[in-house]
2 protein chains.
Amino acid sequence: MAELVYKQIIDDLKEKIFSGQFADLKLPDERSLSETYQVSRSSIKRALTKMANDGIIFKKRGSGTFINPLYIKNESIFNYEGSNLGVSDNFQMNGKKPKIKVLEFEVIPPTDELQRDLFLQPHDFVYKIIRLRLFEDEPFMIETGYIPIKIVQNLNQTIIEGSIFHYLEDAHNLAVTKSFLSIYAEPSNSVDQELLNLKENEPISIMEGIFFLDNGTPFEFSQMRFHYKYMKFNTIVSVP
Amino acid sequence: MAELVYKQIIDDLKEKIFSGQFADLKLPDERSLSETYQVSRSSIKRALTKMANDGIIFKKRGSGTFINPLYIKNESIFNYEGSNLGVSDNFQMNGKKPKIKVLEFEVIPPTDELQRDLFLQPHDFVYKIIRLRLFEDEPFMIETGYIPIKIVQNLNQTIIEGSIFHYLEDAHNLAVTKSFLSIYAEPSNSVDQELLNLKENEPISIMEGIFFLDNGTPFEFSQMRFHYKYMKFNTIVSVP
DNA sequence: TTTCAAAAATGGTGCGTACCAATTAAATTA
DNA sequence: TAATTTAATTGGTACGCACCATTTTTGAAA
């Protein structure tokens, strides 16, 4: 994978960043990188621009390119840097493999709110899928998802015990490429406390929103209730 | 403003999109646009790439470039676009005016962590500013900010009782245009509970990170501890 | 008419050049 | 030495060319 030049450079630079090979948090200038990697400066620029958009570095004209210190000190598991949607991909930490326990799986008519969020008609139906996510035996998130039947007709217990997104991509050639998310926190309720091993005063972090296919079709509404220690969302906010 | 070629094109395309000049939600192909605007295809690509990153359009190789229907509908999800950084601007809710109560204001040497985050030398100094933010008489956030003295030398009680960002822009022509934020939740501590009127089981939402000037200079490290009901973060996450 | 392979359309990647703009470093001058 | 001017450094923008990968369209064959 990643045979593309600019992606190779990104991967290599990321690795060097994390292994501390740029002690002063400053990258070589673009022309040097171009020489070092034996690629055009355009490719270097493409790589650096992408990394800057992801918040890994920032560039300062006349001065140089610098590593974002916050990027290095990320210890938390959930690390959304705008490059990976879906949950399975984001939690490959410390060799602990994510597991999934299906709590509920049924077909229901959509509420008015769901009809609006997923652009459905009243006569449409949706899957309702509630799953508990774990690392090994450590539960960290309760996920409730709603998916219109008319998009995928053949979901079953086996499929939803794995990654639905991967199944869509493999079996139906449908790629989920974008999502609009709201993030907030709440006190945990008794169910949260039970399932996620939370004390009464410990909260949950909530991420909820709509996932879209690459053709713009709204594909899923999802609410993810996280054990608060496992949710850290990193983002860049910029003013045009 | 916007004398740059690719920005002009973005502005023009946005306007055409909103005025419904692309009825089929499909943009002309890149080569045609290049011809129409009499600019290189590279500039067209730069403009379209930016727009795609902003969620306005999406591109499909072999097929064309399409307008995101949600963008036209002006869904609230797109709030982030054109929104302002800084707290004052983001919380003009229901006509309630935000107030500021200064809790602490001093000059200290930066910790090692701050030195790294703000690219400081050990001999530099920073302002430490702790402020309580309120709507009318309703407190909603505790903000702790660290600003290097070498960037602004003349902060005083009066200034920090208002918007520091606005002061910077007005008095020093310095614009804050970017920030890298981490968002997470925690149980509230006794200080939080006291200042924000929280019950023991109610959490706080934390936003913390570095704010940058438009020239890339890291300007402030800030931690904002929110009453959980007043923090909801909307964002777009996309996969390339 | 239907099927399937070839061609066209369309966005993606990579290389290279030229010049601009902000910052920093060096040289010059007072 | 200190202040100022000049030069070098470094990222930004724009243009152009060549070719690739995916999708759609076209046209010939069955």
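Values below: all heavy atoms of this structure, side chains included; hydrogens, waters and symmetry mates excluded.
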* Whole angstrom is fine here: how far is it from OH in A:Tyr37 over to P in C:dC15? => 14 Å
* Using the side-chain contact (heavy atoms from CB on, under 4.5 Å) rule, take B:Ile206 and B:Gln223 through it: C-alpha gap first, then chi angles, then the decisive distance, then the call. => CA-CA 7 Å; B:Ile206 300 177; B:Gln223 189 196 58; 3.8 Å; yes
* To do: Side chain of B:Arg61 only, please: which of D:dT13, C:dT10, D:dG11 is the nearest?
  => C:dT10
* **d(CD, B:Gln38; C1', D:dG16) in whole Å** => 14 Å
* Is the distance from OP1 or OP2 of D:dT22 to the nearest side-chain N or O of B:Lys60 less than 4.0 Å? -> no
* Hey, does the side chain of A:Thr65 come within less than 4.0 Å of D:dG11's phosphate (OP1/OP2), counting only N and O? -> yes
* To do: Indicate yes or no: does B:Lys7 engage B:Asp11 in a salt bridge with an N to O separation below 4.0 Å.
  => no
* Asked: Any salt bridge between A:Lys16 and A:Asp12, counting N to O under 4.0 Å?
  -> yes
* Asked: Given C:dG14, D:dT13, C:dG11, which nucleotide is nearest the side-chain atoms of A:Lys45?
  -> D:dT13
* Using a cut-off of strictly less than 4.0 Å, decide whether B:Tyr6 has a side-chain nitrogen or oxygen near OP1 or OP2 of D:dT13. => yes
* To the nearest Å, give me how far apart CD (A:Glu30) and C1' (C:dG16) are. => 15 Å
* Structure fact -> Rounded to whole Å, the CG-P distance (B:Leu33 to C:dG11) equals 8 Å
* Side chain of A:Asp29 only, please: which of C:dG16, C:dG11, D:dG11 is the nearest? => D:dG11
* B:Arg46 side chain near D:dT13 phosphate (N/O to OP1/OP2, under 4.0 Å) -> yes
* Asked: Does B:Lys128 count as lying over the ring of B:Tyr146, i.e. NZ or CZ under 6.0 Å from the six-ring centre, within 45 degrees of the axis?
  -> no
* Would you mind reading off the distance between A:Arg41 atom CZ and D:dC15 atom P, rounded to a whole angstrom? => 17 Å
* Starting at atom CD1 of B:Ile44, determine the distance to atom P of C:dG11, rounded to an integer number of angstrom. => 11 Å
* Asked: Which whole-number value in Å describes the distance from A:Leu4 CG to C:dG11 P?
  -> 19 Å
* Spatial distance of atom CD1 (A:Ile67) from atom CD1 (A:Ile17) [nearest 0.5 Å] -> 4.5 Å
* OP1, OP2 of D:dC15 versus side-chain N and O of B:Ser43: anything below 4.0 Å? -> yes
* Between A:Leu48 and A:Ser42, who's closer to the 5' end of DNA chain D by nearest nucleotide? -> A:Leu48
* How many Å lie between CG on A:Asn53 and P on D:dG12, as a whole number? -> 11 Å
* Taking only N and O in the side chain of B:Ser63, is any of them less than 4.0 Å away from OP1 or OP2 of D:dT23? -> no
